[in-house]
Amino acid sequence: MAKDSLLDDLNEPQRQAVTHIGNPLLVLAGAGSGKTRVITTKFAYMVKRKRFSPHSILAVTFTNRASDEMKERTKGLINCDTKNLWIGTFHSQCNRILRKEIHHLGFKHNFTIYDEDDQCTLIRQILKELNIYEALYKNIASRISILKASLVTPDKFLSQGDGFSFDEKIAKVYVRYQDELKRAEALDFDDLIMFTVRLFTEHPKVLERYRKQFEYVLIDEFQDTNHAQYMLANIIVGKDGNFCAVGDDDQSIYKFRGANVGNIHRLKADHSRLKIIKLEQNYRSTKNIINVSSKVIQGNASRSEKTLWTENECGEKVCYCLFNNEEEEAKHVARTIKDLYLKGFYEYSDMAILYRINLQAKAIEDGLREASIPYTIFNGISFYNRREIKDVIAYLKLILNPHDNVSLRRVLNVPPRGIGISAINKIEQEAKRNSTSLYTVIKQIISSNNSFTSSIKDKLSSFVNTIDDLIGNSQKTASDIMRAVVNKTNYLETLEDERVQNVIELINSSEGISLQAFLDKTALMSGFETSNNCNSVSMMTLHGAKGLEFSVVFLVGLEEGILPYCKALEDAADMEEERRLFYVGMTRAKERLYMSSVRRRKLYSKVQERQPSRFINDVPKDCCNWMEKTVSPTVQTEKPSTSNTVNISFDIGCRVKHPSWGVGIVRECCGNGDTAKVVVNFPGIGIKKLIAGLANLERISV
DNA sequence: CGAATTGAGTTTTTT
DNA sequence: ACTCAATTCG
């Protein structure tokens, strides 16, 4: 085989990364260097050229988005049976393993997955019981989460702590929390990883089976792995294993979630034969953008040296603007977007506005709305986080696992059944005394003499009957069960129209899936919907933009206190992460990059004087259009919408009629009257350049 | 038990 | 400013 068509379109390091099999491999893949292509090609190469079974490759990603893309592209490259491939997120792979094996750890196979909300609910309740200041629940939840991500058990934590005060309290909560999870037969996200590690550590025979099955392990976004994930991969792979880790330490932005960039460097220590391949050619961005972002990221001390370069053209200069306030900033962004759009350079969907914190979206949104620019805000609050969706899902969880106390508490009085706080508290105490689940204890209460009034007993009994009835139907499909839930509980009757629609959408989306499969899917989904099929400008946080690319990118709010964020000012490591965040933002841009800061920003209803971000100092001026003006059109046009309107003419944005092409919108215009040269976009026909007089263009009033 | 009022806390959030 | 949640009243 002289030449391999699979490898034709790869550059040399990419080809090496694909074909290097048999020794541990770390691919340091710079932004836009064709990482996904390498991973998918490698998968296909191993299957088609090296006779790996597609089922013997464990491919792990962090996001569903990445895993979907990988599945999709891999299926396009190999044409064998692609059902049940081991391509998925860390959590979904662990879930898949645990659903089969968790009995080794004393849990039932129908365990429930607690999401962040459930986790917080449970922790708050524990804090209440332990008389710890409840408002700390978020803090404590995240501390516990990071402990688990570091494979630190409560005991271990206690023994290594200072033995005083707060850590001790956290350990106490941690112990209780794990007890409660066990009682409810529930695992949180961190448990999915931690338990799988435990499973493999404590049950070598099980591990052996999986080691045999997985001949190769591929890990994407390796810089984002936490300790538990690192150990998991390490255990499956074994000492001299076949694996390939792909990552970019410059894009590590999830330290606050327990991600440990150090894992990249640790690989070298743990695998002496580790081969390192750098992908440094960027296919995404212009030279100017690469130059600027490279310069900025060099400001970080701790990074593995990597120099991005590109054969792409220089392109437009990067723009930086300093405004007086966020309104000006927003107006300018809006004006620039409109201009680029009307000129026919870009569709709205080619453009994105990125910011550090969601709060910044407000001002930008106002600016875009003012300019009638369509936009979509992508924020973390997903469909599955809506109250009505969570309520319905809580019923489903309860049906599959009646001991799920968090879900029970959620729906016990939803819709209102007259079971109030005092009743719930009493049930709670009773359950604690018998150390059993709420569901079990409610059944006992109903059928015994006690201090509960008969009216409450009736209500409880009606609730339990409903649930038991539904449990009897738990073999039906998820959508059927949901229909039964809303029918039996009259849940929809208390809801506003919009929420009812959401529930109906949920039901329709789950046709033909089993209850367990549906719950797994929704639990492991959550978050960022990035389907950008409508032609609108995308707005999202810098974190949300990771892994995406846009022709035009606006980075707004580049100020001390915003980026870098105020809470990161103290800590050098945090500061480096802020810089990486900036870097991730810049490297999302393919062709044009606009950056801006403001002098005064209103935040939490206080106007604050602000300094431009320190990172701006590292932007090389020769790649850049620099403006510190109050009013400033960045894109150099003749301001046509105002200057050309003296005569009756064809303004940008106005509607015109052509004898054969019909009605279109003027995107560009030069000159007046019959001699005007105009560029018109005719919907369904395309963009046409015309001389107004010759083409018999008529202007239509708006 | 449910509605109204008061109060605290405001980053990022792959799963 | 604004949200979300806990306390307080009817």
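Worth saying up front: this structure is predicted, and the values here are computed from it rather than measured.
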query: So, do A:Phe256 and B:dT12 meet the stacking rule of ring centres under 5.5 Å and planes under 30°?
result: yes
- prompt: Separation of A:Ile113 atom CD1 from B:dT14 atom C1', in whole Å?
  reply: 15 Å
- prompt: Do A:Arg99 and A:Phe111 meet the cation-pi criteria used here (NZ or CZ under 6.0 Å from the six-membered ring centre, within 45° of the axis)?
  reply: yes
query: Is there a side-chain polar atom (N or O) of A:Asn413 under 4.0 Å from OP1 or OP2 of B:dG2?
result: yes
Mutual orientation of the aromatic rings belonging to A:Phe214 and A:Trp86 [parallel < 30°, tilted 30-60°, perpendicular > 60°]: perpendicular
query: Contact class for A:Glu116 (heavy atom, under 4.0 Å): base, sugar-phosphate, or nothing?
result: base
- prompt: Checking only heavy atoms, does the side chain of A:Arg257 share a donor-acceptor pair with the base of B:dT14 at less than 3.5 Å?
  reply: no
- prompt: Taking atom P in both B:dT13 and C:dC4, what distance in whole Å separates the two?
  reply: 16 Å
- line: Of the listed B:dT13, B:dT11, B:dT14, the closest approach to the A:Lys546 side chain comes from B:dT14
- prompt: What is the nucleic acid contact for A:Thr61, judged by heavy atoms within less than 4.0 Å: base, sugar-phosphate only, or nothing?
  reply: nothing
field: For atom CG of A:Leu569 and atom P of B:dT12, their distance in whole Å
entry: 16 Å
message: Measuring only the C1' atom in each nucleotide, how far is B:dT12 from C:dA5? A whole number of Å is fine.
response: 23 Å
- prompt: Within the structure, does a side-chain N or O atom of A:Asn64 lie under 4.0 Å from either OP1 or OP2 of B:dT15?
  reply: yes
- line: Students should find that the nucleotides of DNA chain C closing off the region near chain A, any atom under 4.0 angstrom from a heavy atom, are C:dA1 to C:dA6
- request: Would you kindly check if the NZ (Lys) or CZ (Arg) of A:Arg124 is within the cone defined by 45 degrees around the ring axis of A:Tyr137 and under 6.0 Å from the six-membered ring centre?
  value: yes
- request: Would you kindly say whether A:Glu180 and A:Gln178 are connected by a side-chain donor-acceptor distance under 3.5 Å?
  value: no
A:Asp248 side chain to A:Gln223 side chain, donor-acceptor N/O pair below 3.5 angstrom: no
field: Qualifying residues under salt bridge (charged side-chain N to carboxylate O under 4.0 Å, His left out), relative to A:Glu129, sequence neighbours excluded
entry: A:Arg176, A:Lys432
- prompt: Which of these passes side chain to side chain contact (heavy atoms under 4.5 Å, CB included) with A:Tyr114: A:Thr121, A:Asp191, A:Leu181, A:Leu187?
  reply: A:Leu181
message: With a 4.0 Å cutoff (strictly under), does any side-chain N or O of A:Asn358 reach OP1 or OP2 of B:dT13?
response: yes
query: Please walk me through it: do A:Asp574 and A:Lys567 pass salt bridge (charged side-chain N to carboxylate O under 4.0 Å, His left out)?
result: CA-CA 9 Å; A:Asp574 287 346; A:Lys567 298 201 172 159; over 6 Å; no
- request: Quick one: do A:Lys255 and A:Glu577 satisfy salt bridge (charged side-chain N to carboxylate O under 4.0 Å, His left out)? Show the steps, please.
  value: CA-CA 8 Å; A:Lys255 184 188 145 205; A:Glu577 182 140 319; 5.9 Å; no
- line: Rounded to whole Å, the CZ-C1' distance (A:Phe222 to B:dT14) equals 16 Å
Please tabulate the protein-to-nucleotide N/O contacts below 3.5 Å involving nucleotides 6-10 of chain B, giving atom names and distances.
from: B:dG9; atom 1: OP1; to: A:Tyr133; atom 2: OH; distance (Å): 3.3

query: Would a 4.5 Å heavy-atom cut-off, applied to side chains only, mark A:Lys148 and A:Tyr177 as touching?
result: yes
- prompt: Which part of the nucleic acid, if any, lies within contact of A:Leu542, taking any heavy atom under 4.0 Å across all strands shown: a base, the sugar-phosphate backbone alone, or nothing?
  reply: nothing
statement: Closest to the 5' end of DNA chain B, once A:Arg417 and A:Ser92 are matched to their nearest nucleotides, is A:Arg417
message: Go nucleotide by nucleotide along DNA chain B from the 5' end; which of A:Ile424 and A:Leu581 gets its closest nucleotide reached first?
response: A:Ile424
statement: note: A:Asp571, atom CG; B:dT12, atom P; distance rounded to Å ~ 19 Å
- request: Figure out the CG/P separation between A:Asp115 and B:dT15, and round it to whole Å.
  value: 12 Å
- line: The nucleotide from B:dT13, B:dT15, B:dT11 with an atom nearest the side chain of A:His91 is B:dT15
field: Whole-Å gap separating C1' (B:dT15) and CG (A:Leu519)
entry: 16 Å
- prompt: Are side-chain N/O atoms of A:Glu365 and A:Tyr375 paired as donor and acceptor at under 3.5 Å?
  reply: yes
query: To the nearest Å, how far apart are A:Gln119 CD and B:dT15 P?
result: 15 Å
message: Please report the distance, rounded to the nearest Å, between CE in A:Met540 and C1' in B:dT14.
response: 14 Å
